[in-house]
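Scroll down for the structure; my scribbles are underneath it.
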Amino acid sequence: MQEQKPEIQDAQQHFEGERKEKKKFDFNFDKSPFLEYYKFIGLVSDQNKDQFISSVDSTLPITFRLNKNISNKELIDKLISEQYPLFKRIQWLTSEYAYQLNADKLEIRKNPEVKKYQTFLQDQDCLGKISRQELVSMIPAALIDAQPNEKILDMCAAPGSKTKQMLESMMKGNESLLFANDISKKRAFMLAFHVLKLNATCAVLTSNDCTKYPKIEQFDKVLCDVPCSGDGTIRKQKLILKRWSSKLGKNLHCLQLSLLLRALYLVKKGGSVVYSTCSLNPMENESVVSAALHILKPYVKIIDVKDKFPGFKFSPTLFKWPVVQKKITNAYWSYESIDDVYGLKGKKIFDTMFPQEDVTGCLRITPHMNDTGGFFVAYLQKTEDFDESLILKEIERLQQYYNTEEGTQALKELQDAESENKEAENKQDKNEKDNKKEDIYEFKLEKLIPLKSQNEIFEQLIDFYGFQKEDEIFNQLYFIPIDNQGLSKNILLISSAIRKLITEKPDLLPQLSIVNCGLKVFTKVKDVNHPIKYRIIQEGLNIFFDKIAHQKIELETYEEYSWMINNLPKRFDELDQKLKEKIDQLKVGIIAVTYKGIKESAFTVWKGINILSILLDKEEKKLANFSIDNKLF
Ligand SMILES: C[S@@+](CC[C@H](N)C(=O)[O-])C[C@H]1O[C@@H](n2cnc3c(N)ncnc32)[C@H](O)[C@@H]1O
């Protein structure tokens with residue numbers, strides 16, 4: 001085994017020792033409603049109480065995963081193990097390159113020895129190579145195991161960590177289709193902001209109430225990551241403890257069950273639904289799954305997927321749980337069955353909350369078992385199709401309950417408290433300030449205008465770049481119509497699966513409230529005198545590079561490539577003679593530049609009348625420089 005440097009050993013000991021001790025938030029667990037409740041329902045016992053408290057009271061380790069769509073994962077994995085030994089690869093998450101650092105953010109900032117770890121995380125995050133995500137929150141999408149060309153629905157998707165995880169695996173398939181939805185428009189825009197970074201053509205982002213989501217597709221898989229009380233995330237959001245009440249879980253139960261029923265209706269026969277919460281409360285977990293199995297018997301079954309995570313310790317799934325009410329004295333009281341509740345007004349207890357079916361096989365994750373957050377996941381399979389009427393009447397019945405002011409208020413508070421989302425919001429605000437707002441649209445899918453219907457623009461593109469006119473991809477390019485019958489500033493590339501939707505199911509589409517779809521690949525040229533109206537942008541280059549026959553140059557050395565990235569704009573007479581000769585042969589306008597013709601290295605420059613300028617922004621230049629420094633091409 002490779003010997004660790006003494007300073008790394010010191011840092012490791014420092015982190016591992018201190019993280020357990022550290023308390024950022026002073027909270028007295030004894031007699032807290034949170035602990036009392038979990039003791040009352042038997043989840044916390046005298047034996048595990050201290051372990052449970054010390055775990056939820058300590059901060060979470062830093063975790064991240066390598067994004068699935070990057071091409072050089074093995075190389076980065078090697079670089080991590082050699083240069084950042086404190087990042088430990090997570091063995092039980094076999095489908096991911098996931099890592100953990102046993103130190104929290106504050107500690108990292110303070111310790112100079114591991115400053116480089118922080119820099120690594122920041123750089124890689126900004127370069128789109130990694131995603132900072134909690135380990136247990138990687139489980140639902142790992143189970144969905146998205147594949148190219150599948151049709152997947154992510155019902156409650158914002159802010160989007162699981163959407164991204166699935167999309168990364170789907171992007172290669174032209175028949176892939178991912179619907180990612182969130183009822184809150186604001187959060188759906190936040191979702192779009194995150195998803196857009198992936199440059200996917202197969203994602204449709206919507207903002208609908210998923211308890212009524214239209215059957216737009218025969219979905220292979222549905223992720224139902226429902227709104228929940230979030231008490232499994234206490235380790236990163238301690239404030240949850242202060243406003244925790246046993247009512248929260250009960251208030252959300254009916255909405256969660258409605259969403260799960262709809263998910264099971266929308267998935268195709270043989271397809272799977274992953275239901276998940278970041279809550280420990282059986283009211284939001286086992287009881288929801290048990291009720292869905294009961295209502296949809298015999299059309300749905302539960303599948304035990306524990307063996308997909310070798311070495312990970314799951315808590316036993318509960319097969320019995322009390323439905324709890326708090327007395328005026330603050331002590332808890334439980335009902336044995338719904339018969340005890342009928343007639344007691346205002347109790348807000350529903351028959352679906354009581355144990356009905358065996359839910360063995362659900363994954364219950366408690367923080368102290370593996371030093372993670374708390375989570376709950378169920379993997380369900382639809383064995384037979386069933387009629388919509390079966391779930392419609394149930395959802396209608398459940399809705400009477402969750403539409404109460406109290407339920408809505410609980411949801412609102414939960415959403416406001418999510419710090420992760422606040423971060424995303426801040427980033428989005430910044431993005432808006434950067435005037436990139438037009439990247440996110442709101443439009444009707446059925447109203448998109450095919451590029452080919454605009455003959456002059458189409459012919460110009462074919463001619464200028466030397467594209468093959470017959471290439472099928474040009475059937476997938478669309479404009480968004482703007483108010484006064486004009487065309488949008490950008491041309492979108494949509495996957496052929498989205499195109500099929502537009503052409504084959506136009507009557508279903510008006511039911512969707514679209515927030516974004518496809519990928520922006522060409523944008524309008526500002527100079528009205530320029531011979532072509534639209535120019536390719538970086539996102540488009542990744543896709544169209546191999547198809548471009550004209551307007552391309554190859555650089556032979558890293559030095560030349562680096563010089564262009566870092567020194568443009570330059571007048572033609574300031575260019576190296578060899579480069580100038582290459583440029584002289586090309587038309588005014590966009591030129592695609594590569595290092596030795598390697599597609600991943602391609603970027604665009606603009607040839608003006610006598611100046612050559614680069615069209616990469618700061619982040620894109622940083623990515624290019626990183627690739628040069630690490631010889632990644
Ligand atoms: C736990 S969060 C989802 C987290 C997300 N899956 C992720 O990994 O980033 C639950 C989301 O459900 C949304 N939501 C609540 N009710 C909904 C409904 N009826 N239909 C669709 N989304 C809903 C909330 O706005 C919230 O963003």
Side-chain angles (χ1 to χ4, degrees), residues 43 93 95 135-146 152-157 162 165-166 210-211 219-232 249 252-268 270-309 312-321 352-366 369 372-383 386 391 394 398:
L43 211 74
L93 251 172
S95 59
L135 292 180
V136 286
S137 123
M138 296 179 200
I139 290 179
L143 282 174
I144 286 274
D145 188 22
I152 297 182
L153 168 65
D154 187 354
M155 288 181 122
C156 305
K162 300 175 191 79
Q165 205 182 337
M166 294 188 289
C210 246
T211 62
F219 289 109
D220 297 295
K221 295 161 181 176
V222 178
L223 176 60
C224 186
D225 186 41
V226 294
C228 68
S229 64
D231 62 10
L252 289 163
H253 167 95
C254 291
L255 169 61
Q256 292 162 334
L257 177 54
S258 303
L259 287 163
L260 178 55
L261 291 175
R262 191 78 195 167
L264 289 161
Y265 167 67
L266 293 173
V267 80
K268 71 176 191 194
S272 42
V273 170
V274 171
Y275 173 83
S276 54
T277 73
C278 50
S279 160
L280 300 170
N281 195 340
M283 284 300 97
E284 306 173 65
N285 296 330
E286 282 92 344
S287 78
V288 174
V289 176
S290 154
L293 288 176
H294 188 69
I295 294 163
L296 296 177
K297 210 173 184 173
Y299 307 110
V300 172
K301 69 175 181 192
I302 191 161
I303 299 190
D304 192 336
V305 283
K306 287 195 191 73
D307 59 359
K308 296 226 183 269
F309 307 99
F312 191 76
K313 289 178 246 141
F314 293 99
S315 296
T317 318
L318 304 181
F319 60 93
K320 252 180 91 181
W321 52 90
T352 53
M353 292 174 180
F354 291 88
Q356 299 182 81
E357 300 293 329
D358 181 4
V359 288
T360 313
C362 293
L363 311 182
R364 174 169 270 284
I365 299 164
T366 358
M369 304 282 277
T372 62
F375 223 75
F376 177 90
V377 190
Y379 188 94
L380 301 162
Q381 194 184 40
K382 180 168 172 177
T383 49
F386 54 83
I391 58 150
E394 277 301 331
L398 293 162

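The backbone N or O of Leu264 sits less than 3.5 Å from a side-chain atom of Lys382, completing a donor-acceptor pair. Panel note: side chain Lys308, backbone Ile139; no donor-acceptor pair is recorded below 3.5 Å. Judged purely by atom type and a 3.5 angstrom limit, Ser95 has no side-chain atom pairing as donor or acceptor with the backbone of Ala142. The main-chain N or O of Gln356 is found under 3.5 Å from a side-chain atom of Ser290 such that the two form a donor-acceptor pair. The closest donor-acceptor contact from the side chain of Gln381 to the backbone of Ile303 lies at 3.5 Å or more, if one exists at all. Listed for the Gln165 side chain is no donor-acceptor partner under 3.5 Å among the backbone atoms of Ala141. Not a single donor-acceptor pair under 3.5 Å links the side chain of Arg364 to the backbone N or O of Gly374.
Taking NZ from Lys268 and NZ from Lys221, the interatomic distance works out to 9.0 Å, rounded to the nearest 0.5 Å. Glu286 contributes atom CD, which lies 9.5 Å from atom OG1 of Thr360 (distance to the nearest 0.5 angstrom). The CZ atom of Phe354 lies 7.5 Å from the CE atom of Met283; values are rounded to the nearest 0.5 Å. Note that CG of Leu153 and SG of Cys224 are 8.5 Å apart. Values are rounded to the nearest 0.5 Å. The distance from the CG atom of Leu380 to the CG atom of Leu293 is 6.0 Å, given to the nearest 0.5 Å. In this structure, OG1 on Thr352 lies 9.0 Å from CG on Leu261, to the nearest 0.5 angstrom.
Applying the side-chain contact (heavy atoms from CB on, under 4.5 Å) test between Phe375 and each of Val136, Thr366, Leu363 identifies Val136 as the sole match.
Looking at every heavy atom in both residues, Val289 comes nearest to Cys362 through CG1-SG, 4.1 Å. Counting all heavy atoms, side chain and backbone alike, Asp154 lies closest to Lys162 at OD2-C, 4.3 Å. The two atoms that bring Asp220 and Val267 nearest to each other are O-CG2, 3.6 Å, heavy atoms only. The minimum heavy-atom distance between Leu280 and Leu43, with the atom names listed, is O-CD2, 4.0 Å. Residues Ser276 and Asp225 come closest through the heavy atom pair OG-OD1, 2.7 Å. Shown here for Leu255 and Pro227, the closest heavy-atom pair between the two residues is CD2-CG, 3.8 Å.
Side-chain atoms of Thr277 and Gln256 include no donor-acceptor pair closer than 3.5 Å. Under 3.5 Å, the side chains of Ser279 and Asn281 contain no donor-acceptor pair of N or O atoms.
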TODO: Would you sort out whether Met155 and Arg262 count as a side-chain contact (heavy atoms from CB on, under 4.5 Å), showing the intermediate values?
DONE: CA-CA 10 Å; Met155 288 181 122; Arg262 191 78 195 167; 3.9 Å; yes

TODO: Could you give me the CA-CA distance, side-chain angles and deciding distance for Phe309 and Leu143, then say whether side-chain contact (heavy atoms from CB on, under 4.5 Å) is met?
DONE: CA-CA 10 Å; Phe309 307 99; Leu143 282 174; 3.8 Å; yes

Task: Residues Val226, Leu260; criterion side-chain contact (heavy atoms from CB on, under 4.5 Å); working and verdict - done: CA-CA 8 Å; Val226 294; Leu260 178 55; 5.9 Å; no

- [ ] In sequence, state the C-alpha distance, the side-chain angles, and the governing distance for Phe376 and Ile365, and then conclude on side-chain contact (heavy atoms from CB on, under 4.5 Å).
- [x] CA-CA 6 Å; Phe376 177 90; Ile365 299 164; over 6 Å; no

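For the pair Ile295/Leu257, a side-chain contact is recorded, criterion being any heavy-atom separation below 4.5 Å from C-beta on.
A ring pair (Phe, Tyr, Trp, His ring centres under 6.0 Å) check over residues 282-306, counting only residues at least two apart or in different chains, returns the pairs Tyr299-Phe386.
Shown here is Lys306, whose NZ atom has more than 12 heavy atoms of other residues, nucleotides or ligands within 6.0 Å.
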